[in-house]
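Here is the structure we will look at.
Atoms within each ligand, like the ligands themselves, are counted from 1 in listed order.
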Amino acid sequence: MFTSFLIKYGEIGVKGKNRYRFEDALIQQIKYALKKCEGSFIVSKNSGRIYVEAETEFDFDEAVEHLQRVFGITAICPVVHIKDNGVEDLCGHVENYMRQVYGNEEKTFKVHARRARKNYPLNSQELDAKLGEVILDAFPNMKVDVHNPEVTLNVEIREKIYLYSQVIPGAMGMPVGTGGKAMLLLSGGIDSPVAGYMIAKRGVKIDAVYFHAPPYTSERALEKVVDLAKIVARYAGPVYLHVINFTDIQLYIYENCPHEELTIIMRRYMMRIAETIAKETECLGLVTGESIGQVASQTMSSLLCTNEVCTLPVYRPLIAFDKEDIVTLAKRIDTYETSILPYEDCCTIFVAKHPVTKPNLGIIKKHERHLEEKMDELVRTALETKQLIIAAEEQGI
Ligand code: ATP
Ligand code: MG
């Protein structure tokens with residue numbers, strides 16, 4: 001019965017000029033999300049409200065599922081809109097609405113009417129009372145509860161009249177594009193896609209970089225990362241994925257550094273390269289999936305060493321999360337099943353049996369100094385041979 005949705009969004013902090021930016025970005029994201037759905041839709045803004053209207057046949061559940069991925073939406077309300085043909089006509093529509101949505105279900109309810117147009121013959125309280133009576137008369141299974149009702153029937157008198165009572169939770173957060181852009185270090189693991197999702201939720205557009213080490217890491221490992229970027233793109237919009245061939249850099253570190261420092265030095269080069277690409281692409285920060293103490297390279301001492309090479313802020317949204325919590329979130333956003341596919345990662349191939357958990361920055365820097373000359377050249381080549389893949393949401397992945 002529904003062909004329209006009223007989109008509710010957080011209004012705190014979105015006043016004045018910011019409000020337009022917020023709303024326009026939200027409309028753009030809604031359009032992007034619905035492009036993948038059956039049917040065609042009009043998304044419009046009308047006196048501080050956003051409406052989605054289906055112009056054709058569409059799949060209700062599919063449209064809701066896609067809208068539920070749009071950051072910035074607090075609630076999605078299926079809405080019926082009718083022309084104003086007087087109070088008696090409205091009473092008929094209300095009865096019809098309640099019958100179609102609730103039928104014979106036993107429910108407590110209240111009516112909540114609002115007038116944006118003060119020339120309507122009844123004021124809000126009179127409307128509440130009148131429409132409440134209509135419902136009580138027509139449905140013996142309905143009871144009034146003004147304090148804690150199971151159903152709140154909202155009646156909004158605007159140019160048209162809107163009826164809605166169902167409130168489907170939205171993704172919350174801020175519309176992507178309102179918060180600048182960040183570079184996500186995206187591996188094939190569980191953590192980094194979740195980290196990207198969390199930062200995107202704050203309105204930040206995400207670009208990504210993946211360090212690939214062929215032939216030690218296979219084409220399938222790269223495909224897995226592309227698939228993960230596509231899943232993140234369902235929420236964050238198209239992701240520009242930069243693929244860096246890291247093989248020669250890793251081999252050179254492997255041959256020239258104490259093995260227990262391998263991971264830290266490798267991570268420092270990853271950060272340096274990611275930062276170079278980030279600056280070239282106007283990103284305002286880096287994002288990783290690190291969490292304190294999860295592995296040797298993520299102790300406080302190790303993070304200090306990795307962080308030291310960066311001048312841009314490094315955002316680590318999972319820093320205080322337990323693995324179980326990350327897994328729960330990964331399952332909810334649908335990255336988990338892809339992340340656990342068993343393809344090798346460059347970090348797991350060149351790994352020491354006993355990596356340092358308390359690396360000393362001074363010593364690490366001393367060892368890196370021996371690498372410098374050759375490494376400058378290897379890093380330059382890696383950047384010059386960088387591949388760009390645009391990962392956008394696809395159906396059925
Ligand atoms: P993840 O599950 O995200 O792979 P992890 O627990 O395996 O994380 P590490 O392998 O130590 O942890 O990596 C820490 C972070 O470094 C990752 O979350 C990711 O942001 C980044 N990273 C690691 N390997 C790569 C890679 N091959 N390409 C891009 N980024 C990487
Ligand atoms: Mg990993």
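- Checked by distance only, ligand 1 and Phe211 come closer than 3.5 Å through their nitrogen or oxygen atoms.
- Within the cation-pi definition used here (under 6.0 Å to the ring centroid, within 45° of the axis), Lys36 qualifies as a partner of Tyr32.
- In terms of N/O distances under 3.5 Å, ligand 1 is approached by Ile190.
- Nearest to atom 16 (O) of ligand 1 by heavy atom, out of Arg267, Lys323, Glu290, is Arg267.
- Distances between N or O atoms of Asp191 and those of ligand 1 include at least one value under 3.5 Å.
- A salt bridge is defined here as a Lys NZ or Arg NE, NH1 or NH2 lying under 4.0 Å from an Asp or Glu carboxylate O, and Arg115 with Glu156 fails to meet this definition.
- Between Asp89 and Lys83 there is no salt bridge, since no side-chain N of the basic residue sits under 4.0 Å from a carboxylate O of the acidic one.
- Distances below 4.0 Å separate heavy atoms of Tyr210 from the following atoms of ligand 1: 27 (N), 28 (N), 29 (C).
- The distance from ligand 1 to the heavy atoms of Thr288 drops below 4.0 Å at these ligand atoms: 20 (O).
- Cation-pi check for Arg272 over Tyr269 is met; the charged atom lies under 6.0 angstrom from the ring centroid and within 45 degrees of its normal.
- Which of Ser297, Ala195, Ser187 comes nearest to atom 25 (C) of ligand 1 through a heavy atom is settled by distance: it is Ser187.
- A salt bridge links Glu368 to Arg268: one of the charged nitrogens lies within less than 4.0 Å of a carboxylate oxygen.
- Inclusion of Leu185 in the set of residues having an N or O under 3.5 Å from an N or O of ligand 1 is warranted.
- A distance below 6.0 Å separates the ring centres of Phe60 and Phe5.
- Looking at Val209 against ligand 1, only its backbone comes within 4.0 Å, counting heavy atoms.
- Taking all heavy atoms of Gly196, Ser192, Gly189 into account, the minimum distance to atom 3 (O) of ligand 1 is reached by Ser192.
- At a heavy-atom distance under 4.0 Å, only side-chain atoms of Gln294, from C-beta outward, approach ligand 1.
- Checking Glu261 against His367 by side-chain atom types alone, a donor-acceptor pair falls below 3.5 Å.
- Residue-level proximity to ligand 1 for Leu186 is carried by the backbone, the only part with a heavy atom below 4.0 angstrom.
- Taking the ring axis of Tyr102 as reference, the NZ or CZ atom of Lys107 does not stay both within 45° of it and closer than 6.0 Å to the ring centre.
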